[in-house]
There are 2 protein chains.
Amino acid sequence: MKVTIKDIAKICGVSAGTVDRALNNRVGISEKTRKKVLKVAEEMNYQPDYTARSLVMGKTMTIGVVLFDLYNRSFAQLLNAIEQKARDLGYFVYITLTDKDPENEKKCIDYLVSRKVDGIILFTVNKGKEFEAHLSKYHVPIITIFNYVSEKWEYIGIQERQAMKEAVDYLTSKNYQEFIYVSPPLAYLGKTNIYTQVERLNGFYEGLMVNNIQSKPIVLKNSEYIKDLDHINFSKDRKTAIVCSTDLYALEVMNYLKVKGFNIPEDIGVMGFDDIDMLKYITPRLTTVKYPIDEVGRKAVESMIHKIDNGTFLSPPLLDYEMIRGEST
Amino acid sequence: MKVTIKDIAKICGVSAGTVDRALNNRVGISEKTRKKVLKVAEEMNYQPDYTARSLVMGKTMTIGVVLFDLYNRSFAQLLNAIEQKARDLGYFVYITLTDKDPENEKKCIDYLVSRKVDGIILFTVNKGKEFEAHLSKYHVPIITIFNYVSEKWEYIGIQERQAMKEAVDYLTSKNYQEFIYVSPPLAYLGKTNIYTQVERLNGFYEGLMVNNIQSKPIVLKNSEYIKDLDHINFSKDRKTAIVCSTDLYALEVMNYLKVKGFNIPEDIGVMGFDDIDMLKYITPRLTTVKYPIDEVGRKAVESMIHKIDNGTFLSPPLLDYEMIRGEST
DNA sequence: ATGAAAGCGCTAACAT
DNA sequence: ATGTTAGCGCTTTCAT
């Protein structure tokens, strides 16, 4: 049924050790026996048992990934990039999804540790001392992405704050004077890890400040933002921009504005963040910030494997973003 | 550093076997020692080594998934559904991506087998005798989805042909008389496995036949379909529908038509297939066929685990699709 | 109820 | 160059 090195050893009349030497290109074996072993292995359709190898080597050649879900387009893209890079470098990928549930998230990490993955890439909703204590129990290399946990863990992402600040620079350069900011996750402020969202918000405020915007912005911080929008009287004589912390919200906002008969950008400007790829099918083209999500995935894997092989992370600098000037502003 | 059952055994003054009995709720152990062992395990933050357990049990509690990529929205949704269901049932998911490369695909399957996954869910570009021979070498349960391989392997999907036939029924009921069919993957006909695409095309032809459409349809079978469209003179007096085998193509077609100044559906009708969720942000609402992709993922996992536990697949009947009557036709 | 011992398939250190 | 041995951490007989 299933072929092991012992079977091959018996047939070739050699020991298991020799079969191992042949199969794994180790030194200390004659070309003749190597050929013979390889031939027999081939004939018998031998498949190595990584489970056994992992046990003895203490390495699984596997990287665990913890994400919220795959519904968000960006996450799917991210995982795709991670898997590709990992496979390139000979690693496999365990994917675990948390549905943004903090307890679930910890459980996923525990599982991955039990599975002896060689490293974990973490996009987490957890944060704080308790969580850090939880992570500290493990000796597995961990890289956090997007949601920063603390300086104790490697982090890869972009300069979120700076990016959103530049977005405001751009909007003010186009004479927008009134601002509405949409970021539903802010409802979880202080409860779960919404680092990126907080950074973006801070960048937004910073942008208003340096550009001397006097008018106080309206900040919508919950999932009912469309309803909230409905209660707002948009200024007739001052240009208003709705700045959304994510393209998805921007799309919902545009749908709402269209239904209400507003013209974009003549009546109201809309700005997103992320530059998700479906934008190419949407009119008007959304103004947004391009988040190099594939690059984050690839860098995370590279850095992780460098850590596994050489003991140190690559610690790349924060990645570059790019303003995409669309027609919605 | 890392805690094993031996460590716990030593501390508790019992044997490894007893620790195992306590940890895994086996019989033949007193309540008192069980309590004690559990307490010590907890204190020492014991994490079982699944690698070792897998080796002895010959089971990994892992399901391998082979997909093209995650860029296609539907695949991401599918994987999400698979992971959720698997985790619900205590299984983990190995994801491998093939980029539609046949050789790569076989390699992914080999790897998964080496990792001793308990089952493999396969969305494949390979087909034919040679591939079947390759698959036959393994004793792992395999479920194919979307792209049918042969009756020798379990299959889960929808009645693609019937669905596309009904789409044509619907279009003729709306008085469309001229048809253009878009399905770039057909360029690979005879080369790789494009079962779903072929079925849809057949359903399309069948629909034309039963509805007595005399006019010969134009079938665009390559990735240059937008260019091809550009060379077509659309009928002025007879209603024309562009039927796309996938929503993605339909979106590209709509973009093209908009640029060219055609009104949808007044000048030309457009029909998609899949009902991907981003459609909610697109105007006009695309007429399409809803493919229950999450359900396919869940059923695949359920059936697989039933096979693992009880020796037989659940073999659910082909799943239901649903016509979504949008504004694009 | 508990302990001792064997073994899953492989690798690695030590002999020869 | 090759064989022998021990052992990775766990489960599972078989004794006691």
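The chains referred to below are lettered A, B, ... by the order of the sequence lines, with proteins before strands, and numbering in each begins at 1.
DNA chain C is contacted by both A:Y46 and B:G28; B:G28 maps to the nucleotide lying nearer its 5′ end (nearest heavy atom per residue). In terms of position along DNA chain D, the nucleotide closest to B:K6 lies nearer the 5' end than the nucleotide closest to the other residue of the pair B:K6 and B:R26.
Rounded to a whole Å, the CG atom of A:N24 is 12 Å from the C1' atom of C:dG9. When rounded to the nearest whole Å, the span between CD1 of A:I5 and C1' of D:dG3 equals 13 Å. Taking atom NZ of residue B:K10 and atom P of nucleotide C:dT2, one finds them 20 Å apart after rounding to whole Å. Between A:D49 atom CG and C:dG7 atom P there is a gap of 18 Å when expressed in whole angstrom units. Residue B:Q47 contributes atom CD, which lies 11 Å from atom P of D:dC10 at whole-angstrom precision. Summarising the geometry, the separation between CG on B:L23 and P on D:dT11 is reported as 8 Å, rounded to the nearest angstrom. Between the CE atom of A:M57 and the P atom of D:dG9 there is a distance of 15 Å, given to the nearest Å. Between B:R53 atom CZ and C:dG9 atom P there is a gap of 18 Å when expressed in whole angstrom units.
At D:dG9, one or more side-chain N or O atoms of B:K2 fall inside 4.0 Å of OP1 or OP2 (strictly under the cut-off). Neither OP1 nor OP2 of D:dT2 sits under 4.0 Å from any side-chain N or O of A:T18. B:T51 has no side-chain polar atom (N or O) that falls below the 4.0 Å cut-off from OP1 or OP2 of D:dC10. Between C:dG9 and A:T4, no contact under 4.0 Å exists linking OP1 or OP2 to a side-chain N or O.
Tested against B:L122 for a side-chain contact (heavy atoms from CB on, under 4.5 Å), the candidates B:N147, B:V65, B:L135, B:L112 yield a single pass: B:L135. Each of A:N193, A:T192, A:T124 was checked for a side-chain hydrogen bond (donor to acceptor under 3.5 Å, both in side chains) with A:E105, and the lone residue meeting it is A:T124.
Using a 4.0 Å heavy-atom cutoff across all strands shown, B:T33 reaches sugar-phosphate atoms only and no base atom. Nucleic acid contact class of B:D20 (heavy atoms, under 4.0 Å, all strands): base. Residue A:I29 is in sugar-phosphate contact alone, with no base atom involved, counting any heavy-atom pair closer than 4.0 Å across all strands shown. At the heavy-atom level, B:L55 lies under 4.0 Å from base atoms of the strands shown.
In this structure, the nucleotide among D:dG3, D:dG9, C:dG9 sitting nearest to the side chain of A:R21 is D:dG3. The side chain of A:V14 approaches D:dG3 more closely than any other nucleotide in the set D:dG7, C:dT2, D:dG3. Distance from the side chain of B:S15 is smallest to C:dG3 among D:dA1, C:dG3, C:dG9.
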* To do: Just do the side chain to side chain donor-acceptor pair (under 3.5 Å) check on B:Q47 and A:D110 with the steps written out, would you?
  => CA-CA 8 Å; B:Q47 301 286 343; A:D110 290 351; 4.6 Å; no

* Asked: Step by step, would you call A:T144 with A:E154 a side chain to side chain donor-acceptor pair (under 3.5 Å)?
  -> CA-CA 6 Å; A:T144 54; A:E154 195 64 16; over 6 Å; no

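Ring orientation note: the planes of B:Y50 and A:Y111 are nearly perpendicular, at an angle over 60° on the 30°/60° scale. Aromatic ring pairs are classed by plane angle as parallel below 30°, tilted from 30° to 60° and perpendicular above 60°; the pair B:H134 and B:Y138 is perpendicular.
Within a 6.0 Å sphere centred on OH of B:Y195, other residues, nucleotides and ligands contribute more than 12 heavy atoms.
The terminal axes of the helix from C:dA1-D:dT16 to C:dT16-D:dA1, fitted over 5 pairs per end, subtend an angle of 40° to the nearest 10°.
Under 4.0 Å is where a charged nitrogen must lie from a carboxylate oxygen, and between B:E83 and B:R87 at least one such pair does.
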